[in-house]
Amino acid sequence: MPAQPATDRIAQLLAGLNPPQREAVTHPSGPLLVLAGAGSGKTRVLTHRVAYLVHTGGARTGEILAITFTNKAAQEMRERVELLLGHSTRGMWVMTFHSACARILRSEAPRLGYTRQFTIYDQADARRLVKRCLDELGVDPKRFAPAAIHHQISDAKNKLRDAAAYRELVGSYFEQTVADAFELYERDLHRMNAMDFDDLLVRTVNVLELFPEVRARYGAAFRHVLVDEYQDTNHAQYRLLQLLVVGTPGRPSPRNLMTVGDDGQAIYGFRGADIRNILHFQEDFPDATVVRLEQNYRSTQTILSAANAVLAHNRGQMAKHLWTELGEGDAIRVRELDDEYAEARYVVGEIERMVDEGTGRSEIAVFYRTNAQSRVLEDTLVRREIGYQVIGGTKFYERAEIKDAMAYLTVLANPQDVVSFTRIVNSPKRGIGQTSLSRVLAHADTMGIPVWEAAAGAAGVPGLGTAAVRALERFMATMTSLRERVRQSVPVGDLLDAVLDESGYRDWLEAERTIEAQGRLENLEQLVEAAREFDAGAEADQDTLDVFLQQTALVAEADDRRDDEGLVTLMTLHNAKGLEYPVVFIIGAEEGVFPHSRSIDEGSLEEERRLCYVGITRAMRDLTFTYARRRNIFGAAGYTLPSRFLAELPPDLVDREGASVGGFGAGGAAWGTTGTATRPRAVTSWAAAQARDAPSADFRLGDDVVHAAFGDGVVTGVEPGGIVVVRFAGDGSERKLMAEYAPITKR
DNA sequence: CGTAAATGTTTTTTT
DNA sequence: AACATTTACG
């Protein structure tokens, strides 16, 4: 393309934008909030604004920080901006919050007592560490699940509360335990030179708050900050933006913050997202310009009206007037099936029919609430030989062999990392069991030295058997030799290859001679390949291993979504946000499944409803809901009720052939055909519906019960989800039990 | 110390 | 039903 005068390029950039889009793109300066309804072209506005800023000289590429929620979105944004600009976006920060923070911390973390080689722990690593802390405290992991404790800690961190601040708010024994674990956990993380996902945000905020010169530097560097999916930001992210944008007393910054979002699509509250960030933007920035994008370019009016009608059942959403020029379109189908197998057969049958009629497979998507639901569907698709892809689910980097390989590299980069060391020391088996490992760890702890050093001096570890000492010495000889190559800056791909050979990991898998091991070997080769690609693209600096590790820790999936290959796409509703498909199926529309029983229990129904809104608005022209009358969970079959969201769809927009008329609450037909003698009382969740089939589970307040292990007790509460609360006479403890599974009987 | 059996727990959603 | 973790045994 020949170079054009800037004015032409700008005119071209703005052609094809509607008036509010254009207003947002050309906004001169200062805070800007874009309220962008589903399908209203928000990515378009973001990318065009970035290009506009560069073209008009409002910012150089290096002065722009564009933050997205997922890596996928970041990559897509970068590509689209490059297309608009006609050149590379090198130097522009287009990435997720976590990536941006990791990058800042790679240079600034030493100010907080970390080295540049700090390890990033994912959820699983963090949970393992929490469990270790609980062990150290002598807490029974059955009483308090490490996952629950970690969730509390994570929640606190997202609110920028440290362990001390958390302790001040303690109000129960559970929270007391969390506070204890929190302190140990933070101490261990810092000692091990490691950060969890939340730390990336928190520590960046810490650096910016503690060091005004750092804040001034980054504040000046990013003249324009653009944030996508603003409704999903948490408090730490909010604070981070304030620090970057508001500037320092002596040096006010241009406050060029553009946030784009839709309060109707806030679906990450469970992860600490605070919807108030978007609701209060105009209070934070009273001079903010607000632009509403209300024309939808994606869906038929029927689909939009249905989405609006569902969302209208929430209180306090911002008003929306989405409209479209795409016409009425077909009714939304709702179908009732016998069970999840019939449901899968129906969906796959419809897919076959549509494909026969000329629809491309890549135009079709199936959404579900939980990953586990993909399984039956996948079986059916395989049997009918329909190509499909599953987005999300078990991630490449969460596979055991990949985590092992990464742990080897991590230990080589960060010799203090106990979690990674523990992971690899006896994998493959080299005769270093739990007992020997504990001795090494304890020794490192008492001496206050890194694990690596303790292991390297195995002979000096008290209580270690000669066999264990020898095994450790062999292991550490290998590791030391590998570490030497790190020092020489051997490319990561070569290093990883050497790790797999010299650790004996490859031989170990090859010796297994199973199909599964073969698959694992292939995954590892794929990882080596990814490392070599990284080497090829890496700049010739010395920190390649650290960069590789920190970058990889933040990338969930290696295999990307493919649009062009004629594959039907399967994913969770959460994963569907930001995407669109001509044909959409939403399966498992049942109380307890969607809305999920836990949401019902925890009172986060409005968020579930927004999730439903997100799902509906992904569809361009064809939308089908299905639900099953009977569904298996934990093995046993249970009966279900149609999702309340189905009842919220305006009847005149819906085609309910084969489905019970009236939806939720009119499930009598479904129940009647099962031959069940008693009509069920109103059930609020799936588990409760299922509990109906087990008469023994019918506990009432005040019932005297006997538990196989805890002895006599009395029922002090009955909760939705088939949970009974029992206070036991033996130790006075109060426990929540699953009525159906717990070994309790009425007296 | 490692393997195999037994036991108990689990399912939201994700950077 | 599937999985992880704990326990028993060689």
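So you know, we letter chains A, B, ... as the sequences are listed, proteins then strands, and number each from 1. Side chains are part of it too, since the values below use all heavy atoms of this structure and drop only hydrogens, waters and symmetry mates. No experiment lies behind these values; they were computed from the predicted model shown.
- As rounded to whole Å, 9 Å separates atom C1' of B:dC1 from atom CG of A:N426.
- Where A:F197 and A:T435 each meet DNA chain B at their nearest nucleotide, the meeting point lying more 5' is that of A:T435.
- Taking the six-membered ring where tryptophan is involved, the planes of A:F144 and A:F174 are tilted, since the angle between them lies from 30° to 60°.
- Using cut-offs of 30° and 60° for the angle between ring planes, the A:F118 and A:Y114 rings count as perpendicular.
- When heavy atoms are screened at a 4.0 angstrom cut-off, A:E607 is found touching no nucleic acid atom at all.
- Note: NE2 (A:H596) to C1' (B:dT13) measures 9 Å, nearest angstrom.
- Of the candidates B:dC1, B:dT15, B:dT13, B:dT13 carries the atom nearest the A:T370 side chain, counting heavy atoms from C-beta on.
- Using a 4.0 Å heavy-atom cutoff across all strands shown, A:N371 reaches sugar-phosphate atoms only and no base atom.
- Atom pair A:Q550:CD and B:dT15:C1' shows a separation of 15 Å (rounding to whole Å applied).
- Among the protein residues, A:E602 comes within range of the nucleic acid bases, having at least one heavy atom under 4.0 Å from a base atom.
- The CZ atom of A:R439 sits 8 Å away from the P atom of B:dC1 (whole-angstrom rounding).
- Within 4.0 Å (heavy atoms only), A:F69 reaches sugar-phosphate atoms of the nucleic acid but no base atom.
- Residue A:D196 is out of contact with every strand shown, counting any heavy-atom pair closer than 4.0 Å.
- If you find the closest nucleotide of DNA chain B to A:E608 and to A:G431, the one lying nearer the 5' end belongs to A:G431.
- Taken from CG in A:L570 to CG in A:N371, the straight-line distance is 10.5 Å, to the nearest 0.5 Å.
- Looking at A:R609, its side chain never comes within 3.5 Å of a backbone N or O of A:L311 through a donor-acceptor pair.
- Atom CD of A:Q237 and atom C1' of B:dT14 are 12 Å apart (whole Å).
- Residue contacts shown for A:K577 are absent, as no nucleic acid heavy atom lies under 4.0 Å away.
- Side-chain nitrogen and oxygen atoms of A:N71 include none within less than 4.0 Å of the OP1 or OP2 phosphate oxygen of B:dT15.
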